[in-house]
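Computed from a predicted structure; not experimentally measured. Numbers restart at 1 for each chain; the letters A, B, ... are given by sequence-line order, proteins then strands.
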Amino acid sequence: MENKLFIYNTLNRKKELFEPINASHVGLYVCGPTVYGDAHLGHARPAITFDLLFRYLTHLGYKVRYVRNITDVGHLVNDADEGEDKIAKKARLEELEPMEVVQFYTDRYHKDMDDLNVRKPSIEPRASGHIMEQMAMIDQLLANGFAYESNGSVYFDVEAYSKKYDYGKLSGRKIEDLISNTRELDGQGEKKNSFDFALWKKAAPEHIMRWPSKWSDGFPGWHMECSAMSQKYLGEEFDIHGGGLDLQFPHHECEIAQSTGAHGHEAVHYWMHNNMITINGQKMGKSLGNFITLSQMFSGENDVLEQAYSPMTVRFFMLQAHYRSPLDFSNDALKAAEKGFKRLMTALATLNKINVSETSTIDAEELTGKCYDALNDDLNTPILIAHLFDGVKTINALAAGNAKIDANNLEKLKTLYQKLIFDVLGLKAEEEANTSNEMLDKVISLLLTTRNEAKKNKDWATADRIRDELTNLGIVVKDTKDGFEWEINK
RNA sequence: GGUCUCUUGGCCGAGUGGCUAGGCAGUGGUCUGCAAAACCAUCCACGGCGGUUCGAAUCCGCCAGAGACCUCCA
């Protein structure tokens, strides 16, 4: 395959030609959700970004193993909760088994991802199912002298690591800066240095989720799971690791330190980070309480929302911005995306009705080249979509008879749109509500047929009355040349 | 406080040292019995002040404003 894909590598802060370790295979790891609540708009960003990457690499002919984890253990809550596990906290509040909570929100997450047409990863490992692997890696770090045990917990020794390797290379941080900038946290007294991080944490008595180990009854530290699971499924060295920009430090920095400390070399060749979703210019986040869940987006049930937005509207909205740019939520922006998406899909339908000519005023090859150039430039979907909209103008001109296209070019154009819109961008036609109710469809068709007969008889009063009454009921009537169309207005 | 990023037209959002981004909205038009929808055309721009340059919105500096990370976070 021709390899022209450039990826922005956070490690070097520049776009680099993507060259996989194995010419035909790609290993991709992405940090997945912590399943203690519904997924919000922010979760959709990495899911869609790396779904796009997964789809594009597959489209290019690579065999991709895409691993996206489920975090169901280990993350500490804020200090008010004294280190209680997030999952355990939720479980206590709702009097459910921790794993019941995990299952509930994992299922909800999967439903949201399906709605967004996000393809399932090849492997979706859970942290709780990989305690052994994490303990083994901790052993390795202890043996290599980059970790120490303290009061039943095990910590990563950042100072020792820094003597040999560069801690902070990913996020551009220096040890000296870290020394003065760490606040007091639970268990600080057990650590040699404030910036050391937990590999294994001894569980407090009230802590429900715990596993026995040689150090203590406890649970793995915040960052172990990704290092251990990526290694297990993708090897000690693999191609791409992705995640949200907010995970760059400390999470990904710690992952690098853990993997390097355990194996003597780095694991990841390309680090990719998607930017944040903001609302009124501020990050959308759980702790800020300003998030909109995906199911709320789809149903419209949130005070911030002026209406419901379909999953494809949300997906298209995100693809219209570059994944490394912050993206601000607003009703106006979503409405614009909704209309734009509709225009694109309408043109796609038009494309199938175009007549072939002997000659062609259209060069499909040129448009194809532009589209792939955009994708190859660090997945520049806004540019790609701009080119697709230029193509929409062309398609409409063809349909109106203002341009000509031969069979060869038409076939190329159709293939291009099919592949890019469905396979790569992962968009899909959304079923109109009217097809879901056959009875309603028949009744309205009857009414509109009657209306058309009235129109033929120039009985405008009757025709308008039917249209107006339907409009009052929330049904929009659209006359066409050979009949009518209708849809339910939201 | 430390590190870093950003500032584009009514809104969203690309890009670039000189050549139309694109979408939505607005305006005008085609179509229609009228409308809606669709389609066509079109207005509006690069935070402020300096500098480099033949030429900068694009490079550099300063100022102003916004944000991210430094703590679980997508």
Pick the P atom in B:C73 and in B:C69, then give their distance to the nearest Å. 11 Å
What's A:Arg465 touching, base or sugar-phosphate or nothing? Going by heavy atoms closer than 4.0 Å. nothing
Could you tell me whether A:His40 contacts a base, only the sugar-phosphate backbone, or nothing, with contacts defined as non-hydrogen atoms closer than 4.0 Å? base
Using ring-ring contact (aromatic ring centres under 6.0 Å, His included), reason through A:Tyr233 and A:His130 one step at a time and then give a plain yes or no. CA-CA 11 Å; A:Tyr233 298 111; A:His130 297 77; 5.5 Å; yes
B:A37 and B:U30, which share atom name C1', separated by this distance in whole Å: 13 Å
When you compare B:C70 with B:U8, how far apart are their P atoms, in angstrom units rounded to a whole number? 26 Å
Between B:U3 atom C1' and A:Leu245 atom CG, what is the distance in whole Å? 13 Å
Distance under 6.0 Å and angle within 45° of ring axis: A:Arg119 vs A:Phe54: yes
dist A:Lys404:NZ -> A:Asn355:CG (nearest 0.5 Å) comes out at 10.5 Å
Heavy-atom donor-acceptor pair, A:Arg467 side-chain to B:A36 base, under 3.5 Å: no
For A:Tyr36 and B:C73, what is the distance between atoms OH and P respectively, to the nearest whole Å? 8 Å
A:Leu247 CG to B:C4 C1', straight-line distance once rounded to whole Å: 17 Å
Test item: side-chain donor near acceptor, A:Tyr372 and A:His387, under 3.5 Å: no
Could you say whether the aromatic ring of A:Phe389 and the base of B:G23 stack, counting only centre distances under 5.5 Å and plane angles under 30°? no
Quick note, A:Asp390 side chain, CB onward, closest among B:A14, B:A25, B:G22 is B:G22
For a quick test of reading the model: is some side-chain N or O of A:Asn402 closer than 4.0 Å to OP1 or OP2 of B:C40? no
Between B:C49 and B:A56, how far is it from one P atom to the other, in whole Å? 14 Å
By nearest heavy atom, map A:Gln282 and A:Ser171 onto RNA chain B; which one lands nearer the 5' end? A:Ser171
Suppose you measure atom C1' in B:U42 against the same atom in B:U53; what distance do you get, rounded to whole Å? 35 Å
Distance check needed: B:C31 P versus A:Asn396 CG, whole Å only. 17 Å
Within the 4.0 Å heavy-atom criterion, would you say A:Leu327 contacts the bases, only the backbone, or no part of the nucleic acid? sugar-phosphate
Applying a 3.5 angstrom cut-off to the pairing atoms, does RNA chain B sit in any stems of at least three consecutive Watson-Crick or G-U pairs? List them by first number. B:1-7 with B:64-70, B:10-12 with B:22-24, B:26-30 with B:38-42, B:47-51 with B:59-63
Between P of B:C4 and NE2 of A:His252, the distance in whole Å: 21 Å
Could you tell me whether the side chain of A:Lys393 has a donor or acceptor atom within less than 3.5 Å of a complementary atom in the base of B:C40? no
Side chains of residues 273-281 of chain A: which donor-acceptor pairs under 3.5 Å do they make with residues two or more places apart or in other chains?
residue: A:His273; atom: ND1; partner: A:Thr10; partner atom: OG1; Å: 2.8
residue: A:His273; atom: NE2; partner: A:His252; partner atom: ND1; Å: 2.8
residue: A:Asn274; atom: OD1; partner: A:Gly244; partner atom: N; Å: 3.4
residue: A:Asn275; atom: ND2; partner: A:Arg324; partner atom: O; Å: 2.8
residue: A:Thr278; atom: OG1; partner: A:Leu327; partner atom: O; Å: 3.4
residue: A:Thr278; atom: OG1; partner: A:Asp328; partner atom: OD1; Å: 2.6

Under a 3.5 Å cutoff, is there a donor and acceptor pairing between the side chains of A:Glu124 and A:His110? yes
Need one value for A:Ala321: base, sugar-phosphate or nothing, where a base atom within 4.0 Å counts as base even if backbone is also close, heavy atoms only. sugar-phosphate
Base, sugar-phosphate or nothing for A:Asp328? Non-hydrogen atoms, less than 4.0 Å. sugar-phosphate
Establish, from distance only, whether the side-chain atoms of A:Glu430 and A:Ser310 form a donor-acceptor pair under 3.5 Å. yes
If each of A:Gly285 and A:Lys458 is mapped to the nucleotide of RNA chain B with the nearest heavy atom, which maps nearer the 5' terminus, i.e. the 5' end? A:Lys458
Heavy atoms under 4.0 Å, any strand shown: does A:Ala386 hit a base, just sugar-phosphate, or nothing? base
Among B:G23, B:A14, B:C11, which nucleotide sits nearest the side chain of A:Ala336? B:G23
Applying a 4.0 Å non-hydrogen cut-off, can you work out what A:Asp479 is touching in the nucleic acid: base, sugar-phosphate, or nothing? base
Side-chain H-bond candidate by donor/acceptor type, A:Glu225 with A:Thr71, under 3.5 Å: yes
Using only heavy-atom distances, determine whether the side chains of A:Asp239 and A:Tyr29 contain a donor-acceptor pair under 3.5 Å. no
For A:Lys339, look at atom NZ and say whether over 12 heavy atoms of other residues, nucleotides or ligands are found less than 6.0 Å away. no
How far, in whole Å, is B:G1 from B:G15 if one measures between their C1' atoms? 36 Å
Rounding to an integer number of Å, can you tell me how far A:Phe484 CZ sits from B:A35 P? 22 Å
Compare side-chain N and O positions of A:Lys339 against OP1 and OP2 of B:A25 and report whether any pair is under 4.0 Å apart. yes
Quick one: is A:Thr34 getting a side-chain N or O under 4.0 Å of the B:A74 phosphate, OP1 or OP2? yes
What distance, rounded to whole Å, do you find between the two C1' atoms, one in B:C31 and one in B:A36? 12 Å
Can a side chain N or O of A:Thr350 be found less than 4.0 Å away from OP1 or OP2 on B:A38? no
Ignoring backbone atoms, test whether A:Asn380 places a side-chain nitrogen or oxygen under 4.0 Å from the OP1 or OP2 oxygen of B:G15. yes
Any side-chain donor near an acceptor of the partner, A:Ser227 and A:Glu255, under 3.5 Å: no
Nearest whole Å is fine: how far is B:C12 P from A:Gln320 CD? 13 Å
Nearest of B:G22, B:A36, B:C12 to any side-chain atom of A:Val476? B:A36
Looking only at side-chain atoms of A:Asp464, point me to the closest of B:C70, B:A74, B:G33. B:G33
Remember a base hit wins even if backbone is also touched, and classify A:Gly244 as base, sugar-phosphate or nothing at under 4.0 Å, heavy atoms. sugar-phosphate
Mind calculating the distance between CG (A:Leu375) and P (B:A14) to the nearest angstrom? 15 Å
Between B:G48 and B:A66, how far apart are the C1' atoms? Round to whole Å, please. 15 Å
So, OP1 or OP2 of B:C69: does either fall under 4.0 Å of a side-chain N or O from A:Lys283? yes
What nucleic acid atoms does A:Arg343 come within less than 4.0 Å of, heavy atoms only: base, sugar-phosphate, or nothing? sugar-phosphate
